[in-house]
Amino acid sequence: DIQMTQSPHSLSASLGETVSIECLASEGISNYLAWYQQKPGKSPQLLIYYASSLQDGVPSRFSGSGSGTQYSLKISNMQPEDEGVYYCQQGYKYPPTFGGGTKLELK
Amino acid sequence: QVQLQQSGAELAKPGSSVKISCKASGYTFTSYYISWIKQTTGQGLEYIGYINTGSGGTNYNEKFKGKATLTVDKSSSTAFMQLSSLTPDDSAVYYCARDEDNYFDYWGQGVMVTVSS
C-alpha cells in the first residue's frame, strides 16, 4: 500500500496567518491527492481533490498544490472555523490510503 | 442536497456480528459507488472497501477481507456493512462515503461500534 506521511503533526496559527500542511507519498501518485478537514465529533469534509481542485462551497482561502510524491495544503488568512484535523488521501492506487492527520489550532 | 444517513451506535460482544446501514438521498444512488472507512485513534483512517451500488459488486481492502461484508438494497438506496467475529480491535467509528473514484465527496455521520464483554 502507498504510505502517506503528513507534517507537521500539529500546529497553531494566529488569526489571519497563512499555514501550510505537507503530505509525502511513498511513491508517485500523479496528483490523485485529496485533502479533508475533520472537526471534533464530525465526519471528514472534502476540501481539495486532484491536488488543487477546490470542492464546491469550500472557501477560496484553501488551496492545494504539489506533484509527484510531495503535496501541500495552504490555508490563507486563518479563521477560527479552520480549527480541526486535516488529512490527505491518495486515490492513485487501490486501496486508498490516508495520512496520519495534522491538528490545526488557533493561537 | 446529498445526504448519507447512517444507523445508530452499536455495542456488541466479542465474537458477535453487527450490521450498519447507510441511507443515501439527494442524488441518483446507483450513479456512485459507496465506500466504507474505519477511524480509530490509534490507526487513523483506514479504507475498508467499496460496493458498486448498481451491480452489487464489491472490492475489499485485503486487510478487511473476511471481516467486512458489503451489500446494497437499491430499492431503498441503502448500503450495508456487516462486521463479523468482532474483537476489541474492531471498536471504531465507521463511515460510509460517496465514492468519486479517487476521493470521497460526501460522508455519513459515522457509527460508533464498541466491542466489549
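First the proteins, then the strands, lettered A, B, ... as listed; each starts at 1.
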Atom [atom1] of [X] and atom [atom2] of [Y]: how far apart are they, to the nearest 0.5 Å?
X: B:Tyr95; Y: A:Gln38; atom1: OH; atom2: CD; result: 4.5 Å
X: A:Tyr36; Y: B:Ile37; atom1: OH; atom2: CD1; result: 7.0 Å
X: B:Glu100; Y: A:Leu46; atom1: CD; atom2: CG; result: 9.0 Å

Original post:
Have B:Asn102 and A:Tyr50 got a donor and an acceptor in their side chains that come within less than 3.5 Å?
Top reply: yes
Subject >> A:Tyr32 and B:Tyr103: CA distance, side-chain angles, deciding distance, ring pair (Phe, Tyr, Trp, His ring centres under 6.0 Å) verdict >> reply: CA-CA 8 Å; A:Tyr32 288 101; B:Tyr103 57 91; 9.4 Å; no
Is [X] in contact with chain A via its backbone, its side chain, both, or neither, using a 4.5 Å heavy-atom distance?
X: B:Tyr50; result: both
X: B:Gln39; result: side chain
X: B:Phe104; result: both

**OP:** Report the option among B:Asp105, B:Asn61, B:Leu45 that has the most heavy-atom pairs separated by less than 4.5 Å from atoms of chain A.
**Re:** B:Leu45
Original post:
So, B:Tyr47 side chain and A:Tyr94 main chain: donor-acceptor pair closer than 3.5 Å or not?
Top reply: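 Pair absent, no side-chain N/O of B:Tyr47 close to backbone of A:Tyr94.
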Original post:
Under 3.5 Å, side chain of A:Ser43 to main-chain N/O of B:Gly110, donor-acceptor pair present?
Top reply: no
Subject >> Top of A:Ala34, A:Gly41, A:Pro95 for chain B proximity - count of heavy-atom pairs under 4.5 angstrom >> reply: A:Pro95
Original post:
chain B heavy atoms under 4.5 Å from A:Gln45: which part of the residue, side chain, backbone, both or neither?
Top reply: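 Interface part for A:Gln45: neither.
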